[in-house]
**Q** 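Below: one structure in structure tokens.
In the text below, chain A, chain B and the rest are named by the order of the sequence lines, each starting its count at 1. What's counted below: heavy atoms across the whole structure, side chains too, no hydrogens, waters or symmetry copies.
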2 protein chains.
Amino acid sequence: MAGRAQQSTATISDVATLAQVSIKTVSRVMNDEPNVRAQTRDRVKEAAKSLNYNPSMLARSLAGGKSYLIGLIYDNINSTYAHDLQTGMIARCRLSKYHLMCEPQTSENPDLIQAISNLLATIRLDGIAISPPFCDMPQILDIIEATGMSYVRISPSKDLGRAACVRMDEFDAAYNLTKHLIERGHKEIGFIRGHPQHGGSHLRFEGFCKALKDYNIDANQNWISQGYFYFESGREAARQIFEHSKRPSAIFAANDYMAFGLMAYLHDMGLKVPEDVSIVGFDDVPGCQLVWPHLTTIHQPVTDMGYAAAEILLNNGPKERVLPYRMIERGSVLKKE
Amino acid sequence: MAGRAQQSTATISDVATLAQVSIKTVSRVMNDEPNVRAQTRDRVKEAAKSLNYNPSMLARSLAGGKSYLIGLIYDNINSTYAHDLQTGMIARCRLSKYHLMCEPQTSENPDLIQAISNLLATIRLDGIAISPPFCDMPQILDIIEATGMSYVRISPSKDLGRAACVRMDEFDAAYNLTKHLIERGHKEIGFIRGHPQHGGSHLRFEGFCKALKDYNIDANQNWISQGYFYFESGREAARQIFEHSKRPSAIFAANDYMAFGLMAYLHDMGLKVPEDVSIVGFDDVPGCQLVWPHLTTIHQPVTDMGYAAAEILLNNGPKERVLPYRMIERGSVLKKE
DNA sequence: CTGAAAGCGCTTACAG
DNA sequence: CTGAAAGCGCTTACAG
């Protein structure tokens with residue numbers, strides 16, 4: 001109940017008193033440092049256990065100059081992506097007794113830079129991961145670097161050598177997905193572009209263009225339409241493509257949500273997938289198995305990317321990790337004879 | 001770059017020196033406390049700004065006995081739910097310069113109690129929110145209460161008076177959703193139950209039963225099947241219902257994911273929704289607008305619930321908040337003439 | 001209206 | 001192998 005007295009938490013001094021050692025020795029034991037006699041160590045451990053002692057993260061942080069906290073700056077638009085990233089990062093954090101500080105932001109925020117700057121000044125994070133589109137904003141990287149804090153970029157698309165990063169080869173994935181369409185007999189292929197602020201949009205589009213080029217297929221500009229990564233923008237982009245008299249036999253949407261919007265549009269128009277129009281998406285969000293037919297797409301290993309990002313931050317891992325993607329073939333592509 | 005020197009962050013002493021006051025006065029200004037001459041206040045503010053000073057959360061926490069941190073313990077199974085809860089809580093946290101510590105758990109973890117106990121001992125959280133199924137586990141509430149920490153339960157279903165909570169009336173929502181089915185002419189209604197460990201499963205089922213009873217409809221036990229809140233369990237539960245020779249004209253799935261599994265089953269069997277079987281779900285996850293027909297369901301105001309939970313924690317708000325739900329009518333229910 | 005002192009619970013740097 | 005001292009950057013409690 002509310003009125004209950006706060007149970008006084010045991011401190012390092014309590015343990016020291018009980019074990020009849022100095023607090024420094026307790027500190028050594030709690031941190032698994034060497035140079036403690038086995039017997040002393042046992043005595044301290046026992047005292048700690050009997051007092052149910054857990055070192056205060058706050059005090060350790062202030063004294064030691066380490067916060068045991070890493071951060072994640074992400075765009076709050078896509079819940080699945082952010083959640084998977086968190087899941088991976090938290091899994092790795094727990095291995096090192098770290099915690100994750102989630103910092104959703106929106107790129108529309110006019111005070112974005114100030115907000116991040118305040119965050120960095122207020123909480124002494126031991127490292128920070130930045131996902132798109134923030135990882136491609138030079139101003140943000142500048143202020144992080146000014147603090148000297150270590151950071152990792154997730155799926156950056158510009159200036160890759162600037163800092164540690166974890167990513168997958170989106171260009172290659174888009175190339176192969178397009179190739180998949182071509183090998184199934186499609187030559188009239190449209191593309192719905194993603195949010196121009198997200199680097200992935202460009203990489204995916206470039207992979208698409210390269211595949212067309214390699215197979216000597218001309219891209220029809222009427223079938224290339226701008227979307228913004230969300231459902232309705234896919235529907236709207238579809239509308240623009242189908243305004244033209246001649247229509248493509250397949251469309252590559254730069255992410256799954258836009259592919260869903262496209263499917264909704266086709267449904268409303270009485271067009272069937274994949275008989276009338278084949279569709280592929282990108283990301284492999286859970287909804288891919290909800291739509292009918294299920295969506296052929298590229299699986300991004302988002303949870304693994306989060307794990308790898310935390311690994312780089314906590315373990316001073318390699319500066320770059322490129323994770324493998326998988327093409328997931330489902331039912332949204334027709335094989336033309 | 002990595003080799004860059006760490007920019008020394010300004011401390012309260014730096015500001016005090018520059019403004020020619022004591023650190024106590026700086027502290028007063030930073031915390032908007034009274035009893036500072038306007039002129040002094042301005043001088044301090046100026047100094048703080050010129051030094052780009054932000055108080056260290058860590059130091060404030062340790063000295064003040066407040067961590068400016070609240071926690072959220074949630075089940076990591078359903079990403080949408082957890083994400084929406086986080087979003088609401090973070091929005092409220094920012095108003096009070098608080099941060100949210102996310103603590104995903106799984107009820108399968110044998111060390112669940114120990115893990116939460118360690119968490120509470122390690123980080124001095126100023127409050128904690130607990131979502132299902134954890135909010136209904138007496139052992140967890142016990143250890144939280146033993147620390148004296150304030151907490152709030154999100155959608156608890158047992159022992160509601162035990163602590164502060166935010167919830168919606170799931171019984172009532174299920175009742176009205178069932179009524180909706182009945183008013184559309186359905187009398188042969190099945191039900192797919194949710195995870196027995198989640199209190200909501202029972203509340204929803206009870207609301208369903210009550211509506212049937214009030215309308216003098218006998219519940220056919222063959223059409224009541226056990227699911228576990230995830231997609232495949234809905235498909236499996238559907239299989240069991242349709243094993244029986246006589247089949248229902250409508251099915252209420254205790255959450256949307258199971259409704260999706262049910263739809264997949266019907267699709268595979270060549271049965272049409274809503275012509276052959278009408279369906280309703282519960283929660284209003286994004287996928288509801290992806291399936292075809294779109295799913296009629298109950299919208300849970302999850303983000304608002306997160307906001308309200310943080311409000312209770314930070315503002316010492318009312319002990320109970322019951323938020324309104326909305327029935328969202330889409331295309332998955334047939335009106336029988 | 002302002003400040004000097006003590007202390008939050010640890011770690012660092014040093015001494016023995 | 002062990003410990004005494006100083007300090008992390010603030011707030012609390014008190015004095016004036």
Side-chain angles (χ1 to χ4, degrees), chain A residues 6-45 47-48 51-69 97 120-126 147, chain B residues 6-45 47-48 51-69 97 120-126 147:
Chain A
Q6 173 117 15
Q7 177 188 299
S8 62
T9 323
T11 70
I12 195 170
S13 310
D14 299 329
V15 179
T17 306
L18 184 60
Q20 304 196 67
V21 294
S22 72
I23 61 166
K24 175 63 212 178
T25 297
V26 177
S27 172
R28 270 190 270 260
V29 174
M30 297 310 294
N31 293 304
D32 287 321
E33 284 172 26
N35 297 332
V36 181
R37 234 193 319 168
Q39 190 190 332
T40 311
R41 190 177 293 275
D42 290 346
R43 195 144 37 87
V44 170
K45 282 198 167 161
L51 256 25
N52 194 21
Y53 170 68
N54 283 78
S56 154
M57 199 185 77
L58 252 29
R60 298 181 72 184
S61 302
L62 187 59
K66 279 172 60 177
S67 65
Y68 300 91
L69 244 31
K97 300 189 175 173
L120 300 181
T122 305
I123 312 190
R124 188 201 299 252
L125 262 12
D126 291 344
T147 68
Chain B
Q6 173 117 16
Q7 177 188 299
S8 63
T9 323
T11 70
I12 195 171
S13 309
D14 299 328
V15 178
T17 305
L18 183 59
Q20 304 196 68
V21 294
S22 73
I23 62 167
K24 176 61 213 178
T25 297
V26 177
S27 172
R28 270 190 269 259
V29 173
M30 297 311 293
N31 293 305
D32 288 321
E33 285 172 24
N35 297 332
V36 180
R37 233 191 323 165
Q39 189 190 333
T40 310
R41 189 177 295 275
D42 290 345
R43 195 145 36 87
V44 170
K45 282 196 166 162
L51 256 25
N52 194 21
Y53 169 69
N54 283 79
S56 154
M57 199 185 78
L58 251 30
R60 298 181 72 185
S61 302
L62 188 59
K66 279 172 60 178
S67 65
Y68 299 91
L69 244 31
K97 300 191 175 173
L120 299 181
T122 304
I123 312 191
R124 188 202 299 253
L125 261 12
D126 290 345
T147 68

**Q** When every nucleotide of nucleotides 8-16 of chain D is labelled 5' to 3' by its protein contacts under 4.0 Å (heavy atoms), B for base, S for sugar-phosphate only, - for none, what sequence of letters results?
**A** BBBBBB---
**Q** Taking all heavy atoms of B:Leu51 and all of B:Ala10, pick out the closest pair and write down the distance.
**A** O-CB, 3.7 Å
**Q** So what's the dot-bracket for DNA chain C: Watson-Crick or G-U pairs under 3.5 Å, [ ] if a pair crosses, | if it pairs off-strand?
**A** |||.||||||||.|||
**Q** Which one, C:dG3, D:dT2, C:dT2, comes nearest to the side chain of B:Asn35?
**A**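 The listed nucleotide nearest to B:Asn35's side chain is C:dT2.
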**Q** So do A:Gln20 and A:Arg43 actually touch side chain to side chain, heavy atoms under 4.5 Å?
**A** yes
**Q** If I compare all heavy atoms of B:Leu58 with all of A:Ser61, which pair ends up nearest, and what's the gap?
**A**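 For B:Leu58 and A:Ser61, the tightest heavy-atom pair comes out as CD2-CB, 3.4 Å.
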**Q** Work out which heavy atom in A:Arg41 is nearest to a heavy atom in A:Glu33; give both atom names and the distance.
**A**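 Looking at all heavy atoms of both residues, the closest pair is NH2-O, 2.7 Å.
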**Q** What are the two closest non-hydrogen atoms of A:Leu62 and B:Leu62, and how far apart are they?
**A** CD2-CD2, 3.6 Å
**Q** Sub-3.5 Å donor-acceptor pair from the side chain of A:Asp126 to the main-chain atoms of A:Ser67, do we have one?
**A**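 Flag set: sc A:Asp126 to bb A:Ser67 pair under 3.5 Å.
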**Q** Taking only side-chain nitrogens and oxygens of A:Thr40, does any of them come within less than 4.0 Å of OP1 or OP2 of D:dC1?
**A**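 It does not, given that no N or O in the side chain of A:Thr40 lies less than 4.0 Å from OP1 or OP2 of D:dC1.
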**Q** Taking the side chain as everything from C-beta on, heavy atoms only, tell me whether B:Arg28 gets closer than 4.5 Å to B:Val44.
**A**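 The answer is no, as the side chains (C-beta and beyond) never meet within the 4.5 Å cut-off.
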**Q** Only counting residues at least two apart or in another chain, list the ones meeting side-chain hydrogen bond (donor to acceptor under 3.5 Å, both in side chains) with B:Tyr68.
**A** B:Arg60
